[in-house]
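Worksheet: the structure to be examined is printed underneath.
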Amino acid sequence: MDQISPKLLIPQSFLVNRDDVTSQLGLMWELIKAPLLVPMLKLSVYICLGMALMLFMERVYMGIVIVLVKLFWKKPEERYNFVPIEDDEEHGSSNFPVVLVQIPMFNEKEVYKISIGAACGLSWPSDRLVIQVLDDSTDSAIKSMVEQECQRWASKGINITYQIRENRTGYKAGALKEGLKRSYVKHCEYVAIIDADFRPDPDFLRKSIPFLDHNPDIALVQARWRFVNADECLLTRMQEMSLDYHFTVEQEVGSATHAFFGFNGTAGIWRIAAINEAGGWKDRTTVEDMDLAVRASLRGWKFLYLGDLQVKSELPSTFKAFRFQQHRWSCGPANLFRKMVGEIITNKKVRFWKKVYVIYSFFFVRKIIAHMVTFFFYCVVLPLTILVPEVKVPIWGSVYIPSIITILNSVGTPRSIHLLFYWILFENVMSLHRTKATLIGLFETGRANEWVVTEKLGDVAKKVAEANKNKTNSKAVKRYRSKFTDRLNTLELGFSAFLFLCGCFDFMYGKNNYFIYLWLQTITFFITGIGYVGTII
């Protein structure tokens, strides 16, 4: 039987040489591009420009308000009743309210002594202070160490209690809720919440409690975070820049204009009556702190932010820990917005403009739009317009607006102004994860309720860095290489390749010189993709 030629099985129209295949692919691209890709990409550009304008107006508004606050606004001590609580020899400590300090923990081997020691060192009468260590640790050795530390301070006359649960139901919210049920805290008026890596100064309560004690409509006093390891590496410097803007501008503006802002989960003091009236701690999202703050605000309670009251804390110094933290911080607010927007709209106790502020400014623009426009516009849509030159992005949208937003964002950390350009590139990378987490929260899918405790290293990071300088043996090198695959992030590497190709196309055929930005963004995605962002000093 004659051998059948493969050509007989293929239509003659497909039997073309390599050049013809290329031309046919080009023809198919042109046929698809005009009726489908161009309209879709134009629509995407318009949507992104709209979101960019929303974010721009929000940043300008907050910039104007913060300037007015700094120039003309009275200090908190002048706006509210503030009378320092002094020691009274005649009446003893009876004029001091009873304060509960809650320290939630979970396998905090490296930092548990920090927060416990700081809480026990607070300048407050010992008979008016109750310290509660809420340990949800699963490591029995760590639990034993924490309990021994509590016993050591108790032997010095400190009223400190070591509290554990049978399970981790509700995570941090569950631990805080369980702690407030204990009979020995029923007489407490206020509760200060201090995470395991936070270390308030001795006068922390004396500077904050008087605002609560003399202003019955205030439910929360929030202190500012100050980072002890900001100079550890480039990753921590980037985080400092982002968080300093949050505290310097966002929290200050919310406190001054509407007496509302999101509770940061730690370094704050709550009026226990306000917590109970708002319905207590709830674990329906991964941002139990914001959940409580919104519910308390809807019941008419006011919040006060004290920018001058600073509490030392630690930033995540590994990219893995930072990614988990950012997932929780992005997914949680979006999920909470989904669950509470209806309740906010129908609420009768707060003013209309406060509702607008909470829904539009606090939630929609800052927690949703800010992440999405950064990722979709500057990492997806803008590069795609290079491949589809029929779609134009106006220069005010691609250059002017992001430049002004970046300058406004930099006011919180003037000392890092020289890192501003790399910070932009790094924030674009993180917008990928924040957008992904935001969509998960909005649609309540996948990891919507995932809770991963942020790893804290305390002084270990410094010790390891010093030790690594002296390690030159092959065993150390081998161990280092074995961890390389664990640090790989395929999503970042994929976007690095996509942006690199777009940059090459723009270099060869484009006219806007976007390739400079795209190649720099490619490098940043690649660095984070191989997990080295936290090791650059």
Indicate whether any N or O donor in one side chain lies under 3.5 Å from an N or O acceptor in the other, for W124 and S93. no
Grab the two heavy atoms, one from V99 and one from C188, that are nearest each other, plus how far apart they are. C-SG, 4.4 Å
Taking side chain to side chain contact (heavy atoms under 4.5 Å, CB included) as the definition, give me every residue that meets it alongside A175, ordered by chain and number, with sequence neighbours left out. L134, D136, R165
Sequence neighbours excluded, which residues qualify as salt bridge (charged side-chain N to carboxylate O under 4.0 Å, His left out) partners of E250? none
Hey, does the side chain of K355 reach the backbone of N347 with a donor-acceptor pair shorter than 3.5 angstrom? yes
Does a salt bridge link E444 with K339, judged by any charged N lying under 4.0 Å from a carboxylate O? yes
Counting neighbours of NZ on K354 that are heavy atoms of other residues, nucleotides or ligands and sit closer than 6.0 Å, is the number greater than 12? yes
For S123, all residues meeting side chain to side chain contact (heavy atoms under 4.5 Å, CB included), sequence neighbours excluded: P202, R206
Any side-chain heavy-atom pair from L180 and L100 closer than 4.5 angstrom? yes
State whether the number of non-hydrogen atoms from other residues, nucleotides or ligands found under 6.0 Å of K436 atom NZ is greater than 12. no
Positive for side-chain hydrogen bond (donor to acceptor under 3.5 Å, both in side chains) with N107, one of T138, D139, D135: T138
Which of parallel (below 30°), tilted (30 to 60°) and perpendicular (above 60°) describes W270 and F303? perpendicular
Whether S144 side chain and A141 backbone form a donor-acceptor pair below 3.5 Å: no
Ion pair check, D231 and R415, cut-off under 4.0 Å: yes
V133 and C150 have their tightest heavy-atom pair at CG2-SG, 3.5 Å
Closest contact, heavy atoms only, C233 versus S317: SG-O, 4.3 Å
In short, S115 meets M105 closest at the heavy-atom pair OG-CE, 3.4 Å
Is any side-chain heavy atom of F375 less than 4.5 Å from a side-chain heavy atom of H433? no
When rounded to the nearest 0.5 Å, the distance separating CG of L408 from OH of Y245 is 6.5 Å
Got R366 and S361 here, is their nearest side-chain heavy-atom distance under 4.5 Å? yes
Exactly one of I209, V101, L122 clears side-chain contact (heavy atoms from CB on, under 4.5 Å) with F204, and that residue is L122
Could you check E58 against I369 for side chain to side chain contact (heavy atoms under 4.5 Å, CB included), going step by step and ending with a plain yes or no? CA-CA 11 Å; E58 172 70 11; I369 294 298; over 6 Å; no
Polar side-chain atom of T438 near backbone of R434 as donor-acceptor pair, under 3.5 Å: yes
To the nearest 0.5 Å, what is the distance between OG on S410 and CD1 on I424? 9.0 Å
Where the side chain of N229 meets the backbone of L315, is there a donor-acceptor pair that is under 3.5 Å apart? yes
Heavy-atom side-chain contact between F263 and I193 under 4.5 Å: yes
Does E277 come within less than 4.0 Å of R271, counting only side-chain N to carboxylate O? no
Within the side chain of R224, is there an N or O that forms a donor-acceptor pair under 3.5 Å with the backbone of Q310? no
Check the pair Y184 / Q132 against side chain to side chain donor-acceptor pair (under 3.5 Å), numbers first and verdict last. CA-CA 10 Å; Y184 60 85; Q132 190 180 63; 2.9 Å; yes
With sequence neighbours left out, what residues match F82 under side chain to side chain contact (heavy atoms under 4.5 Å, CB included)? E77, P84, P210, F211
Got a sec: does the CZ of F443 have more than 12 other heavy atoms crowding it under 6.0 Å? no
Main-chain N/O of P316 paired with Q239 side-chain donor or acceptor, under 3.5 Å: yes
Can you tell me if NZ on K302 sees more than 12 non-hydrogen neighbours from other groups inside 6.0 Å? no
Interatomic spacing from CG in N215 to CG in L212 - rounded to 0.5 Å: 8.0 Å
For E149, enumerate each residue passing the side chain to side chain contact (heavy atoms under 4.5 Å, CB included) test, keeping only those at least two apart in sequence or located in another chain. Y112, K113, I116, R152, W153
Quick one: do D289 and K172 make a salt bridge, cutoff under 4.0 Å? no
Near D308 CG, under 6.0 Å, is it more than 12 heavy atoms from other residues, nucleotides or ligands? no
Quick one: closest heavy-atom pair of E240 and S416, and the distance? OE1-OG, 4.0 Å
Does F364, at its CZ atom, have more than 12 non-hydrogen atoms belonging to other residues, nucleotides or ligands within less than 6.0 Å? no
Could you work out, with salt bridge (charged side-chain N to carboxylate O under 4.0 Å, His left out) as the rule, every residue matching K367, not counting sequence neighbours? none
Measuring from N409:CG to L420:CG, what's the distance to the nearest 0.5 Å? 8.5 Å
Taking atom NZ of K156 as the centre, report whether more than 12 heavy atoms of other residues, nucleotides or ligands fall under 6.0 Å from it. yes
Can you tell me if H214 uses its side chain to pair, donor with acceptor, with the backbone of V83 under 3.5 Å? yes
